[in-house]
Amino acid sequence: MTDLIKAGLEDVVISTSEICFIDGQQGRLLYRGYDIDDLVVHSTFEEVVYLLWYGALPTRKELDAHVKALAASRRLPARLIGILKNLPRKTVPMEVLRTGVSALSAFDPDERDNSREATLRKAIRLAAQMPTLVAAWERIRRGKEPVAPNPRLGLAANFLYMLSGRKPTELEAKTFDVALILHADHEYNASTFAARVTAATLSDLHSAVTSAIGALKGPLHGGANEQVMLMVDQIKEPARAETWIRKALADKARIMGFGHRVYRVEDPRAKHLRRLAAELGRQAGNTAYVGILDTVARVVTAEKHIYPNVDLYSGAAYAIMGIPADQFTPIFALSRIAGWAAHVLEQHAHNRLIRPRAEYTGPTQATYVPISQR
Ligand code: SDX
């Protein structure tokens, strides 16, 4: 039996899904059949959220109603802000997000309703409230009052506005919207699988998303984008990048932002994030981050034949916009709530409890010895 075990469930197919297709050999990523290369050019994050949840692109009337519902749902309950203000200021933003999402269920009018209609209503509220939650913590931990959401701004622009207190430039807002599109879903990645396992017990959306946030926090998954920028900070300037990365590889270090369980070529999202980081860098007069990462990518690809993934350039774009590194993974979650909710809806619609087996390798004839004789 042991030889049947696939460590980390590598390449194990556990069910069908109509939400996301990844071609690991060709480096293609489709949401409901639409290539992300088309979506980043023609769509918006709000429209991609609709596509993932309903399985089709919205009409103008449907999109307007969807955008309005999201914009109208951004405010947080006052008592939740009170909970945030009672957390230690040093609390890690991903832990605040995990705690805040869990607490939001207590204030949600549909808390006890797991019907599709109620789950969709809860999904709208979570997709709208999570950006407000992340931005509110950034202000509170700096000793400032949260900035109220601006319903006249789109989801991406409003998040940047609440985070910094100033309206973003058009390039910043567009960059952030594209980054949200690129992170929205990715089949059965670890955090989405955690959400589906939770939903498969017929538990609720908030519980499934809390499970997912816990999984996303890990540096092998969503936490990699923050680790990449720690590497960039250690390298400091492009001229030092080649020596630094060759030593890291010689030391057998795991290089964050590279490699993937499914892609055997470059992650198709990386090229868009690199382009955005380069455009922002030129606008801000900071080309060092992309310069460093380009050198690291050249060496790692040539020496290890492992390729950039979604996390390599995303942090550079966020850092150039002035976003703190420990907010990069929460930003990943602000996008992935779209995919998590889509997968919870799909799991609930065609459910069977997810319960694999283990091959037991421990003792089977243990005799109990009284403690006085041990
Ligand atoms: C995300 O699943 C998803 O879709 C996730 C995601 C999504 O959108 O949800 O795409 C988002 O999580 C992207 C990945 C972010 N994580 C990182 O950037 C962390 C660094 N990457 C690696 O830890 C690794 O590539 C994983 C975790 C992403 C995948 O690991 P696997 O499939 O378990 O592969 P492995 O660890 O078994 O490595 C296979 C070989 C090993 O060499 P050997 O020991 O066999 O000689 O490749 C090497 C590894 O050492 N390797 C790396 C490496 N990744 C793999 N060596 C150095 N640096 C790396 N980054």
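Model, not experiment: these values are computed from the prediction. The first residue of the sequence shown is numbered 1, and numbering continues consecutively from there. Every number for a ligand or one of its atoms is a count from 1 in the order of the listing.
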Could you work out, for atom 13 (C) of ligand 1, the closest of Asp311, Leu182, Leu312 by heavy-atom distance? Asp311
Which ligand 1 atoms are under 4.0 Å away from a heavy-atom of [X]?
X: Ala224; answer: 15 (C), 16 (N), 17 (C), 18 (O)
X: Asn189; answer: 2 (O), 3 (C), 4 (O), 5 (C), 9 (O)
X: Ala253; answer: 57 (C)
X: Gly259; answer: 25 (O), 28 (C)
X: His186; answer: 3 (C), 4 (O), 7 (C), 8 (O), 9 (O), 10 (O)
X: Gly257; answer: 17 (C), 18 (O)
X: Arg336; answer: 7 (C), 8 (O), 9 (O)

Is the shortest heavy-atom distance from the side chain of Glu47 to the side chain of Leu51 under 4.5 Å? no
Give a yes/no on ligand 1: does Arg269 have at least one heavy atom closer than 4.0 angstrom to it? yes
Students should be able to answer this: which protein heavy-atom is nearest to [atom], and at what distance?
atom: atom 42 (O) of ligand 1; value: Lys304 NZ, 4.8 Å
atom: atom 23 (O) of ligand 1; value: Arg254 NH1, 2.7 Å
atom: atom 21 (N) of ligand 1; value: Phe258 O, 2.9 Å
atom: atom 47 (O) of ligand 1; value: Ile306 CG2, 4.5 Å
atom: atom 31 (P) of ligand 1; value: Arg261 NE, 3.6 Å
atom: atom 27 (C) of ligand 1; value: Leu220 O, 4.0 Å
atom: atom 10 (O) of ligand 1; value: His260 NE2, 2.7 Å
atom: atom 58 (N) of ligand 1; value: Ile255 N, 2.9 Å

Honestly curious: do Met162 and Tyr318 fall in one hydrophobic cluster under the side-chain, below-4.5 Å linking rule?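 No, Met162 does not connect to Tyr318 through the hydrophobic network.
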If we ignore angles and hydrogens, is there a donor and acceptor under 3.5 Å between the side chains of Thr59 and Glu62?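 Result is yes, a qualifying pair exists.
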Approximate separation, where rounding is to 0.5 Å, of Tyr263 OH and Asp23 CG: 8.5 Å
Strictly under 6.0 Å, is that where the ring centroids of His343 and Tyr188 end up?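 Close enough - the centres of the two rings lie under 6.0 Å apart.
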